[in-house]
Amino acid sequence: MFYGKYPASRLRRLRQSSWMRDLVSETSLTPKDLIWPIFVRDEFSPADIQGMPNVKRLTISELQEAVQYAADLGISSVALFPYTPLPLRSHDGLEAVNPDNLMCRAIHAIKNLNLDIGVITDVALDPYTDHAHDGIIINGRVHNDATIEILKRQAHIQAQAGADVLAPSDMMDGRIGAIRGHLDENHFHDKIIMSYAVKFASSFYGPFRSAVGAESLHGLSDKKTYQVNFSNSDEAMREIAQDIEEGADMIIIKPGLPYSDVIHRAKQKFNIPIIAYQVSGEYSMIKAAAANGWIDGTKAMLESLMCLKRAGASGIFTYAAPEMAELLSAVMV
Ligand code: PBG
């Protein structure tokens with residue numbers, strides 16, 4: 001005596017062979033879905049990054065080679081993050097608006113290659129401030145509106161240098177509208193704004209902070225007054241709605257895998273491309289477990305990325321983009 005549809009229904013029938021599993025696969029992943037975040041340095045800064053296996057800070061000429069390779073692999077775009085030399089960091093982070101800074105030089109160098117690959121730039125002050133916060137600190141607080149004034153100028157010089165997509169990651173209120181207005185006034189109406197609309201105050205950013213040299217937050221110990229509380233999902237939806245209203249073209253949710261529910265919910269609720277960011281800590285956890293022989297790192301990485309797509313992401317930032325693109329172009333998944 002059996003209850004339900006079994007034995008007429010046997011879901012295992014469609015899992016018997018790989019061709020059949022492929023035929024009924026509901027989600028796909030290709031190099032075109034991937035965005036590769038790259039850390040850029042000058043010739044005098046160190047290449048090695050604490051806590052991110054296989055990831056190094058690249059000089060501008062190494063960056064050019066890397067981007068050429070990414071384009072050959074069919075990776076959609078690269079996202080640039082600068083390691084600002086320490087003497088150039090300051091309380092107000094004004095190196096961020098220097099049109100000849102490392103970021104702008106890197107954009108020019110990539111654009112000179114004339115490749116069919118996107119350039120996404122980070123609009124935020126943390127790689128430029130000596131206290132490592134994403135905004136300027138006035139009277140012991142990260143000051144929202146004063147920070148926005150600098151972000152507008154930062155977006156402007158990045159747009160001028162040739163960035164295709166501007167990605168504000170600072171979590172100040174109102175910055176998307178302010179940046180959009182400023183870009184429009186300056187004839188940059190075609191520049192795409194990919195907003196980090198929902199950036200949670202997460203411990204998974206640890207290795208990234210050492211990569212950009214922003215690990216010690218002076219004075220204020222965390223970013224909880226501007227990044228979203230990780231227990232909240234309604235609030236995440238409000239952030240997205242607000243950024244769409246202010247003129248964002250695409251939305252980033254970050255970190256990735258632990259926040260798949262937020263990605264799924266956003267995908268159901270909004271008709272705008274949602275991008276997931278598999279952050280440094282997620283990447284490094286997989287690498288560390290693999291290095292210990294505890295999991296198969298390549299398979300676990302692929303699974304994580306596929307799960308983010310299944311949750312509703314149209315694209316994914318991942319430090320594993322080149323190795324995954326190599327794998328995906330060899331085997332179609
Ligand atoms: C800050 C920024 C962070 C990341 C991207 N932009 C760190 C932070 O908010 O402290 C993290 C990315 C990662 O961990 O891979 N503007």
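Below, all heavy atoms of this structure are taken into account, side chains as well, without hydrogens, waters or symmetry copies. Order of appearance sets the numbers: ligands from 1, and atoms from 1 within every ligand. We count residues from 1, following the sequence as given.
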For this session: Output the set of protein residues with a heavy-atom contact under 4.0 Å to ligand 1, ordered first by chain identifier and then by residue number.
Result: Ala124, Asp126, Asp134, Ser169, Lys199, Phe204, Tyr205, Phe208, Arg209, Lys223, Gln227, Lys254, Tyr277, Val279, Ser280, Tyr319
For this session: Quick one: sort the Phe81 and Tyr277 rings into parallel, tilted or perpendicular, breaks at 30° and 60°.
Result: tilted
Problem set entry | Side-chain H-bond candidate by donor/acceptor type, Ser45 with Asp42, under 3.5 Å | yes
Exercise. Tyr283: what forms a ring pair (Phe, Tyr, Trp, His ring centres under 6.0 Å) with it, not counting sequence neighbours?
Worked result: Tyr319
Problem set entry | Results of side-chain contact (heavy atoms from CB on, under 4.5 Å) for Ala124 - residues two or more places apart only | Asp122, Asp126, Asp134, Ser169, Asp170
For this session: Say whether Arg265 and Ser233, considering side chains only, have a donor N or O and an acceptor N or O under 3.5 Å apart.
Result: yes
For this session: Provide the full list of ring-ring contact (aromatic ring centres under 6.0 Å, His included) pairs with a residue in residues 88-121, sequence neighbours left out, each pair given once.
Result: His91-His131
